[in-house]
Amino acid sequence: MPRIREEAVLPRRASYGWALILLAVAPLTAQIQNQPDDGQWPMAAKNYASTRYSTLGQVNRDNVTSLKLAWSFSTGTTHGNEAAPLVVSNTLYVVTPFPNDLYALDLTKPGAPMKWVYEPNPSPSSQGVACCDTVNRGAAYWNGKIIYNTLDVQTVAVDANTGKEVWRTKLGDINLGESITMAPLVAKGIVLVGNSGGEFGVRGWLCGLDAETGKIKWRAYGTGPDKDVLIGPNFKPFYAKDRGTDLGMKTWPGQAWKIGGATAWSWISYDQALDLFYYGTSNPGPWNPEQRPGDNKWGSSLFARRPETGEAIWAYQISPHDIHDYDAVNENILLDLAINGSQRKVLAHPDRDGYLYLMDRATGEVISAQTFGYVNTSEGVDLKSGLIKMNPTKQTGYNTVRDACPAPPGVKDWTPSAFSPKTGLIYIPHNNLCYESQAVQANYIAGTPFVGMNVRMYAGPGGNRGVFSAWDPVQAKTIWSINEAFPVWSGALATAGDVVFYGTMEGWFKAVDAQTGRPLWQFKTGSGIIGQPVAYKGPDGKEYIAILSGVGGWSGGVVSGGLNAVDGTGALGFLNAMSDLGKYTTKGGMLYVFSLP
Amino acid sequence: MTDVQTIDVGHLKAYDISNQDPLWWGQFMFVFIEGAMFAILIAAYFYTRLRMDVWPPPGDQFPHKLLPTLELIPLILSCAGTYWASEAAKKNSRGGMAGGLTLNIALAAVALWMRIVEWHSLNFNWMTDIQGSYVWAFLGLHTFDYIADLAFTAVLLLLVLIGRCGPKQRLGVHVDSIVWYFLVAIWIPIYVVIYWGPIIVETQQ
Amino acid sequence: MKTTTRVAKVSAATCTAFTLLLTSCIYNRQSAIDPAGPQSGRIDTLWWSFFWLLGAIFLIVMVLTAMTLTRQHRGFEQEPLEALHKASEKTEARLRSVITGATIVSIVILFVLIVASTVTGKANSELQNKKNPLTIQVTGTQWWWQIEYKMGDPTRSLVTANEIHIPVGRPIQIRGASNDVIHSFWVPNLNGKRDLIPSRITTEWLEADHPGAYRGQCAEFCGLQHAHMALWVIAEPEDKFNAWLEAQLQPAASPRTPEEIKGEQVFMNHACIYCHAIEGTPAAGQSGPDLTHFGSRRGIAANTLPNTMGNLAGWILDPQTIKPGNHMATIEVSSGDLQPLLEYLESLK
Amino acid sequence: MKLTTVRNASGLAICFVVIACQRQHQDIRPSPTQLAIYGDAAKEDALRPGGPVSPQPTVNNPYNASAYDISEGQRLYNWYNCSGCHANGGGGIGPPLIKQHWIYGGEPANIFDTIVKGRPNGMPAWGGRIPEYQVWEIVAYIRSMNGEQPRSATASRADMIQPSPQTLVNRTNDQTK
Amino acid sequence: MRASQDIYPQSVDVERDVEQLRNSWRHPRGVLGWLSFTTHQAIGTRYIVTAFIMLLAGGIEALMIRTQLMRANNGYLGPERYNQIFTTHGTTMMFLFAVPVMEGMAIYLVPLMCGTRNVAFPRLNAFGYWMYLFGVLFLYWGVFTNTAPDVGWFAYPPLSGPQYTPGKSTDFWAQMITFTEVSALCVAAEIIATISKMRAPGMSLNRMPLYIWSILIQSWMIIFAMPAIVLASSYLLSDRTVGTHFVNPAEGGDPLLYQHIFWFFGHPEVYIIFIPALGFVSAIVVAHARREIVGYTAMVLAQIANGFIAFGLWVHHMFATDLPQIGEAYFTASSMMIAVTSGVQIFCWIATLWSGRPRMTTALHFVYGFIAIFVLGGLTGVMLAAVPLDLQAHDTYFVVAHFHYVLIGGALFPLFGAFYHWHPKFTGRLMNETLGRANFWVLFAGFNLTFFPMHILGLKGMPRRIYTYPPGMGWDGLNLLATVGAWIIAAGGILFIVNFLWSRKNGEVAGNNPWDADSLEWAASSPPANYNFEYLPAVTSRYPLWAPREQRGVVTGLATDRREALVTTLMDAEPHHRYILPGSSIWPLISAICVTIGFAGSVFNGWYITWGAIISGLAFIGWFWPKRPLEPAHD
C-alpha cells in the first residue's frame with residue numbers, strides 16, 4: 001500500500017512534510033502554528049496541524065480570475081512531481097523525483113534564478129523498488145537546514161543557504177525492497193522518517209533522527225513484538241481491540257510479520273500541546289490476504305507517539321486484516337472543533353477506506369466516521385468497538401471479487417486535503433474508483449514485489465474517476481463536490497481569500513470558491529498535476545501561488561513510466577482505469593508560480 | 001406356389017410436399033438439435049449468471065434495447081414471406097414462391113443489418129469476460145445459422161427464378177420454412193437473454 | 001532371484017484375486033476396506049453389505065442363466081417350438097409373472113440399498129456436528145500438497161507439505177482448495193475422496209480411530225505427475241500430536257555444525273530461496289513446499305521417494321528424471337556444496 | 001503473420017505436421033545448466049565505431065516457438081516475481097514488456113542479458129540463481145507477449161482475471177496483422 | 001437366392017424389374033466412383049471397417065498402458081507418452097470406435113430390417129462417414145506428430161485449458177469431437193427418418209424388431225445428448241484458441257459447468273453405445289433360441305425408460321465435487337433405477353433362453369458372455385451409485401473395472417456376437433464356429449483376468465490414470481495379472497481377425513437365412529443387392545419370416561428405373577407416397593473436405609471458420625444443385 005499510494009500522493013504530501021519539518025524547527029514552528037502567517041511555507045503541509053491553509057488573502061474570489069503566470073522553472077525530471085515547494089527566507093526550495101535533486105531559487109530576483117542545486121546521487125537501482133513511480137513528496141526546513149529523503153533510503157540535511165550537505169544517514173537497504181518517498185517532519189528537533197515498500201515485503205518502520213547530527217535516536221517498527229513497535233507502559237489504546245501484548249506479532253501467522261509491511265510512507269502531524277505526533281501505517285503485506293490470516297497489526301493503523309522517544313501513546317487499527325490495500329497513511333488534520341457543544345481537540349483523517357474519521361487526538365476515540373464517497377466494501381464503523389463492519393461479499397481472495405468500491409487507491413489516496421478555518425470545511429481531493437481483483441499466490445523474493453493480487457480498476461458510479469469535495473467535519477457531510485474525469489491526484493490549498501486551489505491530471509490548475517465550489521479560474525499547465533499547491537508572500541509583498549506540474553505516480557504511471565495500457569493489470573491495476581490519460585497529457589516537470597498582475 | 005399378398009403402390013404420388021416426407025423429418029431433426037443446443041446454452045448462461053455477484057460484469061454496458069426490439073418486427077414479418085412461399089410450393093405456384101422468398105430475404109436482410117449495427121455497439125467482446133463470451137456465442141451461433149439459411153434461401157430463390165424448380169426444390173422451399181420459423185422462434189428467447197438478461201435477475205447493488 | 005519373487009507374487013496375487021478376496025484386503029496402508037476411522041468404517045460396512053447382497057444376486061442370475069443351458073426345454077418339450085417359435089399362452093403367462101416378480105424384488109432390493117446408502121452418507125456427515133474439530137486446509141498443487149493448520153489464533157497457524165498429522169479421535173475438517181487444476185484428496189483408510197477445485201472450497205470430514213500412518217494420493221487426473229502426488233496422514237494420540245504441533249510451530253532449527261552452516265548459505269545463494277520457505281531465515285518463497293521442518297518428514301517430492309540423504313541428493317541434482325515435468329528447477333549445485341546442503345536440509349527436524 | 005501466409009498459400013499444408021511437432025515438443029528434462037552469461041551475444045547499439053564489422057554471433061533461444069516452454073516461462077515469470085514489476089506485460093514498477101521500443105534491446109539475447117545481468121535503473125540481476133534454461137523459457141514467454149512467437153504456440157489466455165478487456169481486442173488485431 | 005418369378009405375383013415382370021433395379025442401383029466405377037458410393041451397405045461397411053481399425057488402434061494403446069503398468073516403477077512409457085496413450089485410448093474407444101461401429105451396424109441393418117432400399121438420406125450418410133473418417137485422421141495426425149491429447153478423454157478444465165495444457169494437443173481432441181458429433185448427428189437424423197417413415201408396409205410400431213427399437217432410442221439419445229458435447233467442446237476450444245472465458249473461474253466461468261455439460265452428454269454416451277448392443281442381444285437371442293422374445297412390450301418400455309433415465313444421472317460422475325446432499329440422494333436413486341430397467345431386459349432374455357431351444361452358436365456364446373459380464377458390471381454400477389461407496393471407488397481402478405465390464409461386456413461382446421450373427425449376411429459366408437468358440441473363450445478368460453483384479457486394485461487404493469506406482473503398495477501382483485490378461489485379450493483379438501480373414505474365402509456359403517431367423521434382413525440375398533429387395537416386403541407380424549407364407553406380402557408398383565422407395569406412415573406404416581432416393585455423388589466428399597478444412601484450420605487460426613464456412617457453403621450448393629433433367633412431376 002505505501003508504495004502504491006506514494007506515487008499518487010507525491011505533490012501534496014511533499015508540501016505537508018516540508019511544512020511539518022519547518023515547524024519542528026523549534027521556535028519558528030510554534031509561531032507558524034499559532035501566529036499570523038508570515039507568508040512562508042516551511043513544511044509540506046504548511047504547519048504541524050497539516051491544514052494547508054494560507055492566511056494570505058490577497059488573491060480572493062473576486063480577483064482570482066486575473067491570476068497570471070509569474071514565472072516557471074523546469075525540474076528536469078519527468079517522473080511524478082508530487083512535491084510541495086518550500087518557501088523560507090525568500091528562497092524557494094523544490095525537490096525533484098528521483099534523482100532527488102534539491103533546487104534553491106532566489107525569489108528576490110526577477111525570474112527567481114537558481115541559487116544552488118544539491119545532488120544527492122541516490123543509487124539508480126533504487127528505482128527498481130519504488131512501487132509507484134520514483135516520486136518524492138517534499139522536504140522540511142529546520143534550523144537553517146533543508147532536510148529530505150532520497151529514494152535509496154537515506155535522509156539528508158542540506159544547508160539552506162549554501163546547499164552544502166550537513167549530514168546524511170542511511171536508514172535501510174534497497175535490497176530488501178525498502179525506499180523512501182515521504183516528506184520528513186521535524187518535531188522537537190527530531191526528524192521523523194518512515195520507509196516505503198509495503199509492496200515489497202519490507203518490515204515497516206518510522207525513525208526519529210537527531211535533526212542536527214542525523215543520528216538515529218529510535219526506530220519504531222510497524223510489526224513485531226511490543227519492544228520493536230515501541231509500545232510501552234504508556235500505551236493506552238482507546239478500544240479493546242487494540243489492547244494486548246505483542247499484538248504486532250500475535251496477529252500474524254508464524255514469522256510473517258518480519259515481511260509484513262506496515263510502513264509509514266506518508267504524512268505526519270504534530271500537536272505541540274499534547275506533544276504527540278500522528279501518522280498512519282500502510283497495508284500489511286502481502287496484499288493477498290489469504291497468506292496472512294489474522295488482524296495483521298499494526299498494518300493500516302493510526303499511531304500517536306512522542307517525538308523524543310518514539311513511544312506509542314495510542315493506536316487505532318482502522319482496517320484490521322486489510323484486504324483491500326486501504327493503508328491508513330492519509331494525512332491527519334489537527335483541529336479544535338465544537339462537537340455537540342463541547343470544544344474538542346480532534347484529528348480529521350480522511351481514510352482510503354472511504355470514511356472520514358474524526359477522532360479525539362488525545363485518546364484515540366472515534367467521534368464520527370462517515371463516508372465521503374461511494375463505499376460498498378464496508379457497511380459502517382461501530383463507534384463502540386471501533387470495528388469496521390466489512391461487506392463479506394467483497395472479501396478479496398482467490399476467487400474473483402467484482403465491483404468492490406472504493407478501489408485500492410481508496411476514496412482518497414495520499415493527496416492531502418486542506419482545511420480553511422474561515423469556512424470550517426475540509427477540502428478533499430479524491431477518487432471515485434471501483435475494482436475487481438483476484439488473489440494469486442505471492443512469492444516472497446527479497447527486493448522484489450510481494451503483492452499477490454491481480455487487479456483491474458475502473459470508474460465508480462457516475463463514470464467520473466475523480467472528485468474534489470468540501471466536507472463539513474462537524475456535520476460529517478459533503479457540502480459541495482466537483483466531478484473530474486481523472487482522479488484528483490494533487491493536493492489542495494485553501495487561502496484566506498476564500499479560494500481553494502487544486503490541479504487535475506489533465507494539467508488544469510484550478511481555483512474554486514471555498515464556500516460554494518463555483519469554478520473561478522483555471523490554467524492549463526504543461527503536464528498533469530499531481531503536486532501540492534502552496535501560497536507564499538514574495539519579497540515584493542505580493543501573494544504567489546506555486547504548483548508543480550508533472551504527471552506520474554501510481555495513477556499517472558501510464559504516462560510517466562510509458563506503461564502499456566494493453567495490460568489493465570499494470571501499475572497494480574491502475575492502468576485499466578487510466579488507459580486514456582495519454583490522450584490528455586504527456587510527461588513533464590515544471591514549477592508554475594502565479595500571481596496577480 | 002401360392003402368390004404372396006401384393007400391395008400395389010404405383011398409384012401413390014412420387015413425392016409429397018408435407019410433413020410426411022422424410023426430408024421434412026430430417027430437417028426437423030436438425031432444428032431439434034439446434035434447439036437443444038441453444039436450450040443448454042441458455043441454461044448455462046443463467047447458471048453462470050447466478051454464480052456471479054455482479055451482472056453484467058463491471059465495465060460491460062447494458063446492451064441497447066431499442067434496435068434489437070425493432071429488429072423483431074422485420075424478423076417476425078419475414079415468416080409471412082416464408083409461409084407464402086411454402087404454401088405456394090405446395091400449389092406449385094412459381095410466382096408465389098418467388099414473391100414469398102423475396103419478401104423473406106428482404107426482411108431478413110433488414111433484420112440482419114439491424115443486428116450487426118447493434119452488435120458493433122457492444123463495448124465488450126468474447127475475451128472481455130464471461131458475459132462477452134456468452135453473448136458472442138449466442139450472437140455468433142445464431143447469426144451463423146441465420147446467414148447460412150439466408151444463403152440457402154437465396155439459392156432457392158435463384159432456382160425458382162431461373163426455372164430449375166422441380167418437386168424436389170419445391171419440397172426444399174417447404175422444408176426450408178421450418179428452419180426459418182425455428183430461427184425466428186429461437187431468436188426470441190435469445191433476444192430476451194442477451195438484451196434483457198442483464199436485468200432479469202436482480203443483482204446485488 | 002527377482003524372477004522367483006515375481007513368480008511368487010504372481011501366484012500370491014492369483015490366489016488373492018480369485019479365492020481370497022476377503023483376506024487380501026486386510027492389511028493395506030492405502031485401502032478402502034481397511035478402515036481406520038468411523039467414516040471409512042461405515043463405508044466399509046456398506047461395501048460389504050452391498051458385496052454380499054449383490055454377490056448373491058449375481059450368483060442367482062448366473063445360476064439361472066446357466067440353467068437355460070442345462071435344463072433347457074424342461075416343461076416345454078411338448079410344445080412345437082420350431083414351427084411356431086413361441087410357447088403356449090400358459091407358459092408365456094408364467095414367464096411374464098416370474099419376470100414381474102423378479103422386477104418387483106429388484107425394486108425392493110434397490111430401495112433397501114438406496115436407504116442404506118443414504119443412511120450411511122447421513123451418518124458420515126454427522127461428524128461435523130462433533131465438538132472440538134481441527135481444521136486443516138489442503139491445497140492441491142501440481143504436484144504436491146500444501147497443508148495449512150487453520151487455528152483461530154494466527155500465530156498457531158502452520159504451513160507444511162505432503163504430510164498431515166492428526167490427533168486420534170478428534171474430528172478433522174479438511175478444507176480443500178486448489179492452486180491450479182482439479183485435484184482430489186483421498187486417504188482411503190479414513191474416508192472417501194473430495195475434489196479440490198480452483199475457485200471453490202470443498203470440505204470433507206474425517207477422523208481416525210487408532211494411531212497409524214495412512215497413505216493418500218491424488219485421485220483426479222492432474223497432469224504429468226498425477227502418479228507422484230502422495231501424502232501421509234499420521235494419526236497420533238492427542239499428546240503426541242500436540243508435541244508435534246509445538247515442534248512444528250517453532251522456526252527452523254539453526255544450523256549447528258560448520259557443514260550445516262555452509263549448507264544454509266548454499267541454500268540461500270541458490271534458486272532454492274526463490275521458491276521455498278524456511279521459517280526463521282530469509283527464505284520465504286511460496287511456490288514450493290515449505291521446508292521449515294523438512295527433516296522430520298517421511299518423503300520428498302510429494303512422497304515420491306523416502307526422505308533419505310541419498311534420495312535427496314538425487315532429487316536436488318536431477319529432479320526431472322525422478323519426476324519428469326515437475327516444477328522443481330534443475331539447479332547446478334557444485335559437488336562441494338551438495339553435502340552441506342543435504343546436511344542442512346536433513347537437520348531441519 | 002508470416003506463418004499464416006504460408007498456411008494460406010499451401011492450403012492443406014503438410015507443414016502443419018512439422019509445425020505441430022515443433023510446437024508440441026515438451027523438453028521436460030532440460031540439459032544441465034551452465035549458467036553461462038552471453039555477455040557479447042547481442043549489442044544494444046547498432047553503431048560501431050571504426051566502420052562496419054563482421055556480423056555478430058547471435059545466440060538463439062533454444063526454446064523459441066515451443067508451446068510447452070512458453071507456458072513454463074509464463075509460470076516462472078510469475079514465480080520469480082517478474083509480474084510484480086512488469087505486471088502482465090503492461091509494467092508498473094518496471095517498464096512495460098508489451099512494446100515496440102526496448103531500452104536494452106529486444107532480441108532474445110538482449111532480454112536474456114537483461115535478466116541475467118540486471119540493468120542499472122532497477123532491474124535486479126538474476127544470474128547465478130535462475131537456471132539458464134529457465135531464463136530462456138522466460139525470454140520465450142516475454143517475446144510471446146509481443147506476438148513474436150507463433151500464435152499456435154502461445155496460450156490464448158490464462159486462468160486468471162485478464163489483463164485488459166478493452167484493449168486486448170486491439171492486441172489480438174495487432175497480432176493477426 | 002436369385003430372384004425368380006415363381007415366388008412373386010404373376011402381375012409383375014421380375015426379369016425386367018431386376019434388370020432395371022440393377023442398372024439404377026449400380027455403383028459408379030473408378031476411384032472417383034468408389035468415393036461417390038451412397039448405398040447403405042457400402043457406407044455401413046466403411047463405418048464398420050474403419051471402426052474396427054480404431055478398435056485395433058485403441059487395443060494396441062490399451063496394451064501399451066497395461067505393459068507400462070505391468071510392474072512398479074516401470075520405465076516403458078514416460079508420463080508424457082503414457083498420458084497421451086491413455087487419453088487416445090479412451091477417446092478412440094468412446095468416440096472413434098464404439099459409437100461409429102454401432103452407427104455402422106445400424107446403417108447396414110436398419111434399411112434391411114425395415115424392408116426398404118436405403119437410408120432416407122444416402123448422401124448425408126456418405127457425408128457423415130467422411131466426417132467420421134476425417135475426424136479419425138485428424139486425431140491420429142496429432143498422435144503421430146506427438147500432438148496427441150494428454151488430458152484424459154473427458155478433458156476437464158482447467159487442466160485442459162490454455163494455461164495448463166499449452167500447444168495444440170487438446171485442440172486436436174476438442175475438434176475431433178466436432179467431427180464425430182457431426183457424423184453422429186447425421187447418422188442419428190437419417191436413422192430416425194428412415195425408421196419413422198420408411199418401414200415396410202404393415203410394420204407398425206408394435207411390430208418393429210427390438211433392434212430397430214434400440215437404434216431408434218439410441219438415435220434420439222444422440223439428438224439430445226450431442227448438443228451438450230458440442231457446447232462442451234466448443235467451450236474448451238474457444239477458450240483455448242480465442243480466449244473466451246467459459247471455464248475461467250476468474251472471469252466468471254466455471255470448470256464445474258464444463259463437467260455438468262460434459263457428463264450430461266457423457267453418461268448418455270455410454271447408453272448410446274450399449275443400447276444398440278442390447279438390440280443385438282435381442283436379435284441374437286430370438287434367432288438362436290428360436291423363439292419369440294418373452295415380454296416384448298416390457299423390453300421396449302424398459303429400453304425407452306433407459307433412454308430417459310440416462311439423462312437424469314450424470315451427476316454421479318461428480319459426487320466427489322462436494323455437491324449438495326439432497327441432489328446426491330436424487331442421483332443415487334436415479335442411477336439405481338437403471339438397474340431395474342436393465343434387469344427387466346436381462347430377465348426377459350433369460351426367460352426367452354429358458355423357454356427356447358438355444359442353439360449354442362458362437363453368437364449365442366457371446367450373448368451368454370455378455371450376460372455374465374454385464375450383470376457383474378451392472379451390479380458394481382449399483383455400488384457406484386451409492387454416494388459413500390462412490391467416494392471411495394471414484395477414479396480408482398474399481399471404476400476402471402466397472403466400466404470395462406459394462407462397456408466391453410455390454411457392447412463389445414454383443415458386437416462380436418452380432419458380427420458372428422450377421423457376418424453371413426454381410427459377406428454371404430458363415431464364420432468358422434470352432435475358431436469362433438475359441439475366440440470367445442480366450443476373450444472371455446482374458447477379459448476377466450484383466451479386469452476382475454482391477455476391482456480389488458481399486459479397493460486397495462490404486463487411482464486411475466497414474467503412469468506408475470511405487471512397489472510395496474500391494475498392487476504389483478494384481479497389475480501383472482491384469483497385464484497378462486490384456487495380452488490374452490489381444491490373442492483373442494488375433495483369433496477373431498484370423499477367423500474373419502479365413503472365413504472371407506473359406507467360410508461356408510450361407511444362403512439367405514442360415515439361422516432360420518425372423519427378421520426381414522434375412523429375406524434379402526447374402527450379401528444383399530444394392531437395392532436390398534427386388535420387391536419391398538410387406539409385413540403382418542413381429543416376426544415376418546416366421547409368419548406363415550400366406551401372411552407374407554410384397555410391394556409392387558415402385559419405379560425400378562430410378563432409385564425409389566416407399567414412404568409409410570409413422571404409427572401404422574401405411575403406404576403414403578413414393579420417395580425418390582438420390583444416387584451416387586462425389587459432393588458429400590467434397591463438402592466433407594471443405595468442412596474439414598474449416599474445422600482443422602480453425603485450430604490454428606480462427607479465420608479458417610470463415611473461409612471454411614464459405615467453401616463449405618459453395619460445396620453444399622453444388623451438392624443440392626438440381627441436375628437436368630429435373631425429376632418428373634407425377635401429380
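Residue numbering restarts at 1 for every chain, and letters A, B, ... go by the order of the sequence lines. In this text, all values refer to a predicted model and were calculated from it rather than measured experimentally.
Chain A forms the most heavy-atom pairs under 4.5 Å with one residue out of Pro96(D), Pro120(D), Gly89(D), Gly118(D), and that residue is Pro96(D). Put simply, of Val440(A), Ile174(A), Asn443(A), the one with the most heavy-atom pairs under 4.5 Å next to chain D is Asn443(A). For the set Ala442(A), Ser125(A), Ser123(A), the count of heavy-atom pairs under 4.5 angstrom toward chain D peaks at Ser125(A). Among Ala87(D), Cys82(D), Gly94(D), Pro124(D), the residue with the largest count of heavy-atom pairs under 4.5 Å with chain A is Ala87(D).
Remark: side-chain polar atoms of Asp567(A) are paired, donor with acceptor, to backbone N or O of Gly90(D) under 3.5 angstrom.
Residue Arg456(A) comes nearest to Gln162(D) through the heavy atom pair NH1-O, 2.8 Å, listed as atom of the first residue, atom of the second, then distance. Of all non-hydrogen atoms in Glu436(A) and Ile161(D), the two that sit nearest each other are O-CD1, 3.9 Å.
From Phe200(A), atom CZ reaches atom CD1 of Ile93(D) across 3.5 Å, with rounding to the nearest 0.5 Å. Put simply, NZ on Lys99(D) and CG on Asn564(A) are 9.5 Å apart, with the number rounded to the nearest 0.5 Å. The distance from atom CD1 of Ile98(D) to atom CG of Leu563(A), rounded to the nearest 0.5 Å, is 11.0 Å.
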- request: Kindly indicate, with the supporting measurements, whether the criterion side chain to side chain contact (heavy atoms under 4.5 Å, CB included) is fulfilled by Trp126(D) and Thr448(A).
  value: CA-CA 11 Å; Trp126(D) 297 85; Thr448(A) 68; 3.6 Å; yes

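Within 6.0 Å of OH in Tyr584(A) there are 12 or fewer heavy atoms belonging to other residues, nucleotides or ligands.
For Ser126(A), no part lies under 4.5 angstrom from a heavy atom of chain D. Both the backbone and the side chain of Ile445(A) have a heavy atom closer than 4.5 Å to some heavy atom of chain D.
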